[in-house]
Participant: 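Structure below; questions to follow.
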Amino acid sequence: MKSVRLLFASGASFVAMATHAHADPVSLIATAIHGFLLSSTAVAATAAGTIATIAANVIVGGAFVGLSLIGRQRQPGTVKPSDAKGTFESGESSVIEGLGRVRVGGLKAFGNTDGSTRWRLVCRLQGPIDAVEAYFVGGREVTVDPDGDVSSPPWSRSGGSWMKWEDKKGTGAETAWPALIGAFPELWTSAHRVRGIAQSLVTFFNPGLASDKYLSLYQGGVPDTEWVARASLVYDPRDESADPDNPATWGWNENGILNAVHVLRRDPAFTSDRFDWPLITTQAVKADISVATKTGTEKRARCWGMWAWEGARKDTMEDILRSIGAEIRMTADGKIWFELIDDDPLAEISFEPRDIIDLEWMSGPEAVERPNVCRIKYYSPERNYELADIDMTGIAWARIDDEVMRYGPKYHDVELPFCPSASQAQRIARRLFLQARADTGVAVGNMVGLAAWGRYYGEIELPDLGDVEKVRLSPPRVDDSRGTVEIPFSVWPSLPAWNPEIDEADAPEPLPEMQYESDLPTPNPPTSALHITYPVSGNKEFRIGYSLPAADFSTIEATYRAYSGGLPGSWSGMSEQSTFAYVSADLLGQEIDARVRIFEGDDGSYYSDPLHTLSVGVNNAACGQPNLISGGASGSSPTASLDVTVNADELRCASIRLDRRLDTGSGFGSWITRDEQDVRPLQNRTFTDSHISLGGDFTVEWRLITKTTGGVEGAPRTFTVHVNPT
């Protein structure tokens, strides 16, 4: 049986392996062009949109002096996540752009005070971005309401907040911030628009220097702020309404192929007509195919991370391609596309012994140098969007035990700064690890070897043995004087089908967000989520129910977020009660998350795990009787009166209705509604009514009935009074 092994060349860096003094012009284009594609730096020269350029019109009234992000990032354009999460001060810095979902601080572009209130303008990312999903102040997550108020303790206050947070997405249509124009008319004018930059204006209010609240808010100075955002909008050729040359028609996507194309297209030299969109579409579909993981399924190739426009484009592109498991290619017509690397790629060309004059075979690296332990880092949302290690203990493919025993550990480090999944990272790393251990060789053939130009994968039949090896081809080298072609190759590793149960290590345990110094217990997730339509007013409301721990606390914070198109919005605050919270919103049929935490003073618990509801619905199960809080019915000729205060327990209760009927001696007549009031759980409602009769004796009966959104009535609570005028 013929053995088939698979072969490697590292990403696009193979283009530097050979010179082509004797190659024909077409061959030169087919091979050397890849290096130019990856190393182009035209964007840095033409994107007058560096934050440094913008800052010329932004940093006024005393520029900040501090550490430049360029000095803090990795030498490639890929931005180190730990640097990007901080806020920094600099008179000059590169534009930073995000892909997929990122956590980012940003450049403190302007800051000033009127002596009491402080303002901070933070430039976060090249825009436009899609949405902000989470907010952080001083490393702690907070809730920012739609009006900009930060409603989380310790910032919340009666009737407002000590902090206001406003955002712009960087669409290019930005106008100057009115608050800055009003506060600093000599420093900030309508010309200071900061266009095209996703940004935040954060306002810090002063509770009074002598107050305890001031110390609790600002004892460490004005705190830094961060986002978790869905970053760049990218062109998706699968969207029929999208135009590749009109960014206004683009949308957010974490698809690895589409994001790789987007980064290359940020160079204005690479116009849309230079790409093969049908082939890119095919690969984008492959990137979105669900693959098995240890915990379920996920899309095959996602891309999250940040890069600097002025960084080394070649290194950035290689980081992206390595992180998504893809490579850049060109068609025979010179069109650019990206292809995902399969574990068992199809051979594009085959060579038989008659095609090979000489074959030089080199075993993989010497055992004393050959990597035998694979270590992996990836852009980990579990670790608060940092590059995190995966514990590969017990994963057989990641450690060659007999070589470790003999020669000691020889590490092969795989760093994937644009890979947001531990599963995806391991599938890619296995291939890279085995490729680093692969055999290599050079096949010398006759001029038929020219057919290998532009080919990536081939098969070589070994002379005499008859074995067929699958190989990864490097650019051929032509010797015209001898009429031969040298084809460097490496043997493609044999990769069995991925089995998550044995091939995949667990992702790192989620690292809790920085929280307040507190021993408060974490609440359980909310127990229910309901839509309410009030029967009287017709107003809409969203409610959640919860049961809080038996602990001393002073404040409850409940938050929710709604999804659109399967993507979450930012968290919003609710009005909290002891067992439930509510907000005026129509979320019927929508997908939501809800969570709750508790505070004792300024000390807070962790958020509960979220309650996830795919479709918010109504609950029309009948409620019980209204609870009598106080009052009752009485009669004294000629009047019968009712004066009661009641409430209802159930989360689903939407109103309480008062009915009355009368018996004047011939039996009770029909019920007549006297009042109906919208109600929330445990909300006291007072009902009063009376009946006067100057005739004979009579009996009055009242009933109070709970109602749900759908009008379902509960058991009544009744009051009866008999009046005899004589």
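Starting from 1, each residue takes its place in the sequence as its number. Both backbone and side-chain heavy atoms feed into the values below; hydrogens, waters and symmetry mates do not.
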Participant: Are a donor atom and an acceptor atom from the side chains of Asp167 and Ser200 found within less than 3.5 Å of each other?
Facilitator: yes
Participant: Measure from the side-chain N and O atoms of Arg103 to the backbone N and O of Ser82, and report whether any donor-acceptor pair falls under 3.5 Å.
Facilitator: no
Participant: So Arg430 and Asp343, do their side chains get closer than 4.5 Å, heavy atoms only?
Facilitator: yes
Participant: Just checking, is any N or O donor in the side chain of Glu133 or Ser570 under 3.5 Å from an acceptor N or O on the other one?
Facilitator: no
Participant: So Glu254 and Trp304, side chain to side chain donor-acceptor pair (under 3.5 Å) or not? Walk me through it.
Facilitator: CA-CA 7 Å; Glu254 59 184 346; Trp304 299 5; 2.8 Å; yes
Participant: Check whether Thr316 reaches the backbone of Thr78 with its side chain - one donor and one acceptor, N or O, closer than 3.5 Å.
Facilitator: yes
Participant: If only side-chain N and O atoms count, and only distance matters, is there a donor-acceptor pair under 3.5 Å linking Asp333 with Thr331?
Facilitator: no
Participant: To the nearest 0.5 angstrom, please state how far the CG atom of Asp245 sits from the OG1 atom of Thr271.
Facilitator: 7.5 Å
Participant: Indicate yes or no for a side-chain donor-acceptor contact from Asn259 to the backbone of Asn253 under 3.5 Å, with no hydrogens or angles considered.
Facilitator: yes
Participant: Without swapping roles, check the side chain of Trp227 against the backbone of Ala134 for a donor-acceptor pair under 3.5 Å.
Facilitator: no
Participant: To the nearest 0.5 Å, how far apart are CZ in Phe489 and CE in Met362?
Facilitator: 7.0 Å
Participant: Between Lys410 and Val373, is there a side-chain heavy-atom distance shorter than 4.5 Å?
Facilitator: no
Participant: If I take atom OG1 from residue Thr293 and atom CD from residue Gln426, how far apart are they, to the nearest 0.5 angstrom?
Facilitator: 10.5 Å
Participant: Side chains of Asp342 and Tyr457 only: does a donor on one sit below 3.5 Å from an acceptor on the other?
Facilitator: no
Participant: Between Gly589 and Ser615, what is the shortest heavy-atom contact and its length?
Facilitator: CA-OG, 3.3 Å
Participant: Any salt bridge linking Arg238 with Asp288? Criterion: basic side-chain nitrogen under 4.0 Å from a carboxylate oxygen.
Facilitator: yes
Participant: Taking the side chain as everything from C-beta on, heavy atoms only, tell me whether Tyr563 gets closer than 4.5 Å to His612.
Facilitator: yes
Participant: Begin from the C-alpha positions of Lys80 and Glu386 and carry the test salt bridge (Lys or Arg N to Asp or Glu O under 4.0 Å) through to its verdict.
Facilitator: CA-CA 8 Å; Lys80 189 175 181 181; Glu386 296 275 3; over 6 Å; no
Participant: Would you check if there is a donor-acceptor pair between the side chains of Arg595 and Thr559 at a distance under 3.5 Å?
Facilitator: yes
Participant: Tell me if a side-chain donor or acceptor on Arg322 pairs with a main-chain N or O of Glu415 at a distance below 3.5 Å.
Facilitator: yes
Participant: Could you report the tightest heavy-atom contact between Gly325 and Ile428, atom names first, then the distance?
Facilitator: N-CD1, 3.5 Å
Participant: So, the side chain of Thr282 versus the backbone of Pro278: is there a donor-acceptor pair under 3.5 Å, distance only?
Facilitator: yes
Participant: What residues form a side chain to side chain contact (heavy atoms under 4.5 Å, CB included) with Ala507, not counting sequence neighbours?
Facilitator: Tyr378, Glu382, Ala422
Participant: Less than 4.5 Å apart, any side-chain heavy atom of Val144 and any of Val132?
Facilitator: no
Participant: May I ask you to check whether Glu97 and Trp309 show a side-chain donor-acceptor distance below 3.5 Å?
Facilitator: yes
Participant: Kindly indicate whether the side chain of Phe275, heavy atoms from C-beta on, has any atom under 4.5 Å from the side chain of Val261.
Facilitator: yes
Participant: Side-chain contact, heavy-atom cut-off 4.5 Å: Arg101 with Val228?
Facilitator: yes
Participant: Run the side-chain contact (heavy atoms from CB on, under 4.5 Å) check on Phe418 and Cys303 step by step: do they pass?
Facilitator: CA-CA 5 Å; Phe418 291 92; Cys303 180; 4.0 Å; yes
Participant: Within the distance-only criterion (no hydrogens, no angle test), does the side chain of Trp397 pair as donor or acceptor with the backbone N or O of Asp503 below 3.5 angstrom?
Facilitator: yes
Participant: Once rounded to the nearest 0.5 Å, what's the spacing between atom CG of Asp506 and atom OG1 of Thr393?
Facilitator: 11.0 Å
Participant: Do Arg265 and Pro244 have side chains that get closer than 4.5 Å, going by heavy atoms?
Facilitator: yes
Participant: Is the CG atom of Leu346 crowded by more than 12 outside heavy atoms at less than 6.0 Å?
Facilitator: no
Participant: State whether Phe338 and Arg329 meet the cation-pi test: NZ (Lys) or CZ (Arg) under 6.0 Å from the six-membered ring centroid, and within 45° of the perpendicular axis.
Facilitator: no
Participant: Are Asp344 and Lys470 ion-paired here, with the side-chain N under 4.0 Å from a carboxylate O?
Facilitator: yes
Participant: Work out which heavy atom in His412 is nearest to a heavy atom in Pro371; give both atom names and the distance.
Facilitator: CB-CB, 3.6 Å
Participant: Test side-chain contact (heavy atoms from CB on, under 4.5 Å) on Gln126 and Trp307 and set out the steps.
Facilitator: CA-CA 10 Å; Gln126 169 67 30; Trp307 62 289; over 6 Å; no
Participant: Picking from Thr281, Asn255, Ile280, Leu258, what satisfies side chain to side chain contact (heavy atoms under 4.5 Å, CB included) with Asp236?
Facilitator: Leu258
Participant: Verify side-chain contact (heavy atoms from CB on, under 4.5 Å) between Met306 and Val104, making sure each step is shown before the conclusion.
Facilitator: CA-CA 9 Å; Met306 284 168 285; Val104 60; 4.0 Å; yes
Participant: Please answer whether the main-chain N or O of Arg302 pairs with a side-chain N or O of Gln424 as donor and acceptor at a distance below 3.5 Å.
Facilitator: yes
Participant: Let me confirm one number: the CD1-CD distance from Ile328 to Glu339, rounded to the nearest 0.5 Å.
Facilitator: 12.0 Å
Participant: Which heavy atom in Glu459 sits nearest to a heavy atom in Ala347, and how many Å separate them?
Facilitator: CG-CB, 3.6 Å
Participant: Tell me whether the rings of Trp277 and Tyr235 are parallel (<30°), tilted (30 to 60°) or perpendicular (>60°).
Facilitator: perpendicular
Participant: Is there a donor-acceptor pair under 3.5 Å between the side chain of Glu504 and the backbone N or O of Lys294?
Facilitator: yes
Participant: Testing the 3.5 Å rule here: is there a donor-acceptor pair between the side chains of Glu298 and Ser290?
Facilitator: no
Participant: May I ask you to check whether Ser423 and Arg300 show a side-chain donor-acceptor distance below 3.5 Å?
Facilitator: no
Participant: Does a side-chain N-to-carboxylate-O contact under 4.0 Å join Glu226 and Lys85?
Facilitator: no
Participant: Any salt bridge linking Glu327 with Arg472? Criterion: basic side-chain nitrogen under 4.0 Å from a carboxylate oxygen.
Facilitator: yes
Participant: Shortest non-hydrogen contact from Val122 to Thr225?
Facilitator: CG2-OG1, 4.3 Å
Participant: Quick one: closest heavy-atom pair of Pro409 and Val404, and the distance?
Facilitator: N-CG1, 4.2 Å
Participant: From Leu107 CG over to Ile96 CD1, what is the distance, rounded to the nearest 0.5 angstrom?
Facilitator: 9.5 Å
Participant: Does Pro568 offer a backbone N or O that forms a donor-acceptor pair with the side chain of Arg230 under 3.5 Å?
Facilitator: yes
Participant: Within the 4.5 Å heavy-atom criterion, are Ser572 and Arg561 side-chain neighbours or not?
Facilitator: no
Participant: Taking the six-membered ring for Trp, are His262 and Phe270 ring centroids under 6.0 Å apart?
Facilitator: no
Participant: side-chain contact (heavy atoms from CB on, under 4.5 Å) for Val471 and Ile487? Distances and angles first, verdict last.
Facilitator: CA-CA 11 Å; Val471 297; Ile487 307 172; over 6 Å; no
